[in-house]
Amino acid sequence: MTDFLSALNPEQRIAVEHTEGPLLILAGAGSGKTRVIAHRIAYLIAEKGVAPWNILAVTFTNKAAQEMRQRVQRLLRDQELSSAPLVSTFHSLCVRILRQDIEKLNEKYSRTFTIYDQDDSLRLIKNCMKDLGFDEKHLGLRATQSTISSAKNRGEDVEEFTAHAEHVDERRASIALVYETYEERLHANNALDFDDLLIKTVHLLRQVPEVREKYNNKFRYILVDEYQDTNSLQFALISLLTEKQQNIAVVGDEDQSIYKWRGADINNILDFEIHFPKTRTIRLEQNYRSTQTILDVAGAVVKRNIERKGKSLWTSNPRGDLVRYFQALDAESEARFVAAKILEHRDEDYNLRAAVLYRTNSQSRVFEEAMRRAGLPYNIVGGFSFYERMEVRDVIAYLKLALNPNDSIALQRVINSPPRGIGKQTMEEVERRANDYGLSLWETISLVIEQPEKLSMRAVSALRSFRRIILRLAELAGTDLPERAPVGNNTQDTSFRGQEGGPAPAAPSSVSGQRSAVAIPSDIVKAAIFDTGYENTLKSEKTDEAEARLENLQELVNAAVDYDEQGIEGLREFIDHSALVSDADQYKEEAVVTLMTAHSAKGLEFPLVFIVGLEDGLFPHSRSATDAAELEEERRLCYVAMTRAERFLYVTHAMKRRVYGEELASEPSQFLNEMPLDLIEDLTRGNSWLSFARRSSAIDYEHGNRGSSPTVREGASDYASDRSGYRKERKKFEGKTYDSVHSIAEFFKQRAAQLGNTGGSFQSTREREERNKSARGQARSQADQLRRSASSARNDNPSDSRGPSSPLPVTPSPGGSADFVPGSYVKHAQYGRGLVLRREGVGDSLKLTVTFPGYGQKKLIQKYAGLEKA
DNA sequence: TAAAGAAAGTTTTTT
DNA sequence: ACTTTCTTTA
């Protein structure tokens, strides 16, 4: 028999052996937590004789669940098992429970409920807003969705939210109305959104003792991964499930909490010992993944967080190489650099897996192109997942309709795709009458065919053919449908589903009178592609794009084959799966290069990691800039990204970047400044932000120098020798020099002060005044200035490089002289001719950001820099 | 009604 | 830059 303990270190062993009672495992990055969970499950089964079906392990992503399953399976490959332990995500666990027992909740939901993913939910909210007559722009569609979602996650139902809203403001009151309508319609569609999956499960467990009892008895041992990211609903769910046994083991790391924005409550892990009094706590602090250097650099960054208990992570791994840094000109050259480096590494070790981690999905495109050009096979996680592709969603919508024709969102999606002559006007009429009668769109269509009223014959026959298609699919799926919609009464009986908690739909008088054998899932999927005319329409297009779409649909059929044995329940599972797969699930271990967001990378590891786009406003993201807590979350995210690396870590940033199609200059990320510079190797050719940061310790002064250039002193070029001096020596120049190097420190201090951080603790009064002045100057639209400078830079016409006497047509900054406006050219004794990008402050503290060819961007104090117009 | 062309919004992270 | 949505035209 396998010895499940010998491969573990002492702490890991305790974590595995402590099987009874609450257990909190505080596991640092790379400390082998997945290993511990897998061993624990195997140990419970093999050594403690626990039945597999009494074990539940919960993760956040399907990918993590799958990995866990495989690991357990590998450990137990010698055992004869009657079943496998349940390893599931929170959401699929909820679906599993609800598909069994939701009818016991007595909220008139049937077991055949539909799951609305974010996109479906957004469409529904949109419909609600439209019908309520709210202006989508004014209220903000997405903002409304996220407000409602966070209310739901806080456990605020419509009544509570409305009660709060009435006293706040009009906007919130409007959202309350949308919330109310949204909930009504979800219910009328027999649909649950992602939040509902958790909410309804918690309700069910809370309100129905018999169900709670059942699952308490079933799941005698519960394990939760990434516990720091659980929200209050997930906590409630876990508490309810383990109420009786209290055999609950959770694994987490406060430094890797990156989902606060989604309602994750860090207190769940911090207060675990309070929630579960007899908790045994174990710390796993030995890192097996990364080199000492990578750990040191990552640790130095996350140490800046104040909201942190702090723990020490150590490793017996070698020091390894320095972290490598590269400053790119723009996003394209950044991507080229990354591709070139991956190729280089592959010359050494052909199987070296690499990851490129970015903050936002929009950054992925350039990297995709660069990889393709370099001939590197890559795998992209996120962005457009397979199940998010239009054609796939369309076919899934047909399938959803086959199982539940009252799903109005699915119906709206496909009623006219492929085009079958049911246009906007027709749909508006159908929707109007659906509202009047209080029927679903599907029911209304049946009614409208009988009584067309305003509708043209053409529209009616189009509707009739659509109805036939759905009836046919429903028949294949074995869904019982009433021959006709309940005609005539205009009461609000919108849900023909079971009033008494039963799955309702009518008597077993199916369409054709006799029930045909239910088809297997893949056949129904095929029918949804062929019988709907979808395939023919795509085929007749004869474009490459249509070709690709057809291939995707073929892929969908292939995916469905896996569910064939399970019959109609298989189809339902197939559809559930399509709603619940996440981006991270597309990650394939075999891929040479994986492109993904830092968020998606959580839980993964790679020998070679690139963290790209380390720029102010991007990473950390500008949306986090106003809030110190959010900035700390960004920092944790950066920490997560860095600790993915096993052997080689690269950090890069670009000088400029297109945002919304506009080119903007970018500053290096403050996180770069937080890395120990002596552990970083600069791969930039020529001058970079980093080389200036290093040189600062060797610079005495730089103001007023003309002609001769004493600026860069001895030792400045061999920064290798004074790497460590940077921070310490910087202080002595405070408030004296305003050269470009100083401005870097100044820049970061300002940033810290804006965030209300303690970063500016050693600033002088004078500096504070300076900052206040410059803040006023900054108030002007940065984008506007850049647009101006960009346009004049493009135009090399000498008349555009006018001196102070004829400035560009820009508003002069308040109170300042009109000299050196953004867009004009200046001459610097050392750097030569440069373009003014930005100006801040007035009078003596007038500062200019100037870009000099070959030297990059500099921030200069006009008074000292000795600038001339050029 | 559908296709083509114009305008506007979009990008933080995700189950 | 790119995609969705609105407007015009056939």
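Lettering of chains follows the sequences in order, A, B, ..., and the numbering in each one begins at 1. Keep in mind that what you see is a predicted model, and the values were worked out from it rather than measured.
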- Residues, nucleotides or ligands: over 12 heavy atoms within 6.0 Å of R308(A) CZ: yes

- Item | Residues, nucleotides or ligands: over 12 heavy atoms within 6.0 Å of R96(A) CZ | no

Do the side-chain N or O atoms of [X] get closer than 4.0 angstrom to the phosphate oxygens (OP1, OP2) of [N]?
{"X": "K152(A)", "N": "dT15(B)", "value": "no"}
{"X": "N416(A)", "N": "dA2(B)", "value": "yes"}
{"X": "R623(A)", "N": "dT12(B)", "value": "yes"}
{"X": "N361(A)", "N": "dT12(B)", "value": "no"}
{"X": "R142(A)", "N": "dT11(B)", "value": "yes"}
{"X": "R658(A)", "N": "dA1(C)", "value": "yes"}
{"X": "S362(A)", "N": "dT12(B)", "value": "no"}

How many whole angstroms separate atom [atom1] of [X] from atom [atom2] of [N]?
{"X": "L604(A)", "N": "dT14(B)", "atom1": "CG", "atom2": "P", "answer": "13 Å"}
{"X": "D193(A)", "N": "dT14(B)", "atom1": "CG", "atom2": "P", "answer": "18 Å"}
{"X": "Y387(A)", "N": "dT15(B)", "atom1": "OH", "atom2": "P", "answer": "14 Å"}
{"X": "F619(A)", "N": "dT11(B)", "atom1": "CZ", "atom2": "P", "answer": "19 Å"}
{"X": "Q363(A)", "N": "dT11(B)", "atom1": "CD", "atom2": "C1'", "answer": "10 Å"}
{"X": "M129(A)", "N": "dT5(C)", "atom1": "CE", "atom2": "P", "answer": "13 Å"}
{"X": "L664(A)", "N": "dT11(B)", "atom1": "CG", "atom2": "P", "answer": "17 Å"}
{"X": "E662(A)", "N": "dT10(B)", "atom1": "CD", "atom2": "P", "answer": "16 Å"}

- Message: I'd like to know if E334(A) and R657(A) make a salt bridge, using a cut-off of under 4.0 Å between side-chain N and carboxylate O.
- Response: yes

- Quick one: is the NZ or CZ of R635(A) closer than 6.0 Å to the six-membered ring centre of F671(A), and within 45° of its axis? no

- Task: Kindly confirm whether the side-chain ring of H599(A) is stacked on the base of dT13(B), judged by centres under 5.5 Å and planes under 30°.
- Result: no

- Query: Under 5.5 Å between ring centres and under 30° between planes: does that hold for W261(A) against the base of dT13(B)?
  - Reply: yes

- Message: Once you measure the plane-to-plane angle for F219(A) and Y215(A), does it fall in the parallel (<30°), tilted (30-60°) or perpendicular (>60°) bin?
- Response: parallel

- If the plane angle is over 60° it's perpendicular, under 30° parallel, otherwise tilted; pick one for W261(A) and H599(A). perpendicular

Using a heavy-atom cut-off of 4.0 Å across all strands, would you classify [X] as base, sugar-phosphate, or nothing?
{"X": "F90(A)", "value": "nothing"}
{"X": "K260(A)", "value": "nothing"}
{"X": "T597(A)", "value": "sugar-phosphate"}
{"X": "Q425(A)", "value": "sugar-phosphate"}

- Item | Pair F619(A) and H653(A), ring centroids less than 6.0 Å apart | no

Heavy atoms from C-beta onward define the side chain here; which of [options] lies closest to that of [X]?
{"X": "Y660(A)", "options": "dT15(B), dC2(C), dA1(C)", "result": "dA1(C)"}
{"X": "R365(A)", "options": "dT13(B), dT15(B), dC2(C)", "result": "dC2(C)"}
{"X": "T61(A)", "options": "dT11(B), dT12(B), dT15(B)", "result": "dT15(B)"}

- Query: What about H621(A), does its side chain sit under 3.5 Å from the base of dT12(B) through a donor-acceptor pair?
  - Reply: no

- Item | Gap in Å between the two C1' atoms, one belonging to dT13(B) and one to dT4(C), rounded | 22 Å

- Which sits closer to the 5' end of DNA chain B, S622(A) or T426(A), going by the nucleotide each is nearest to? T426(A)

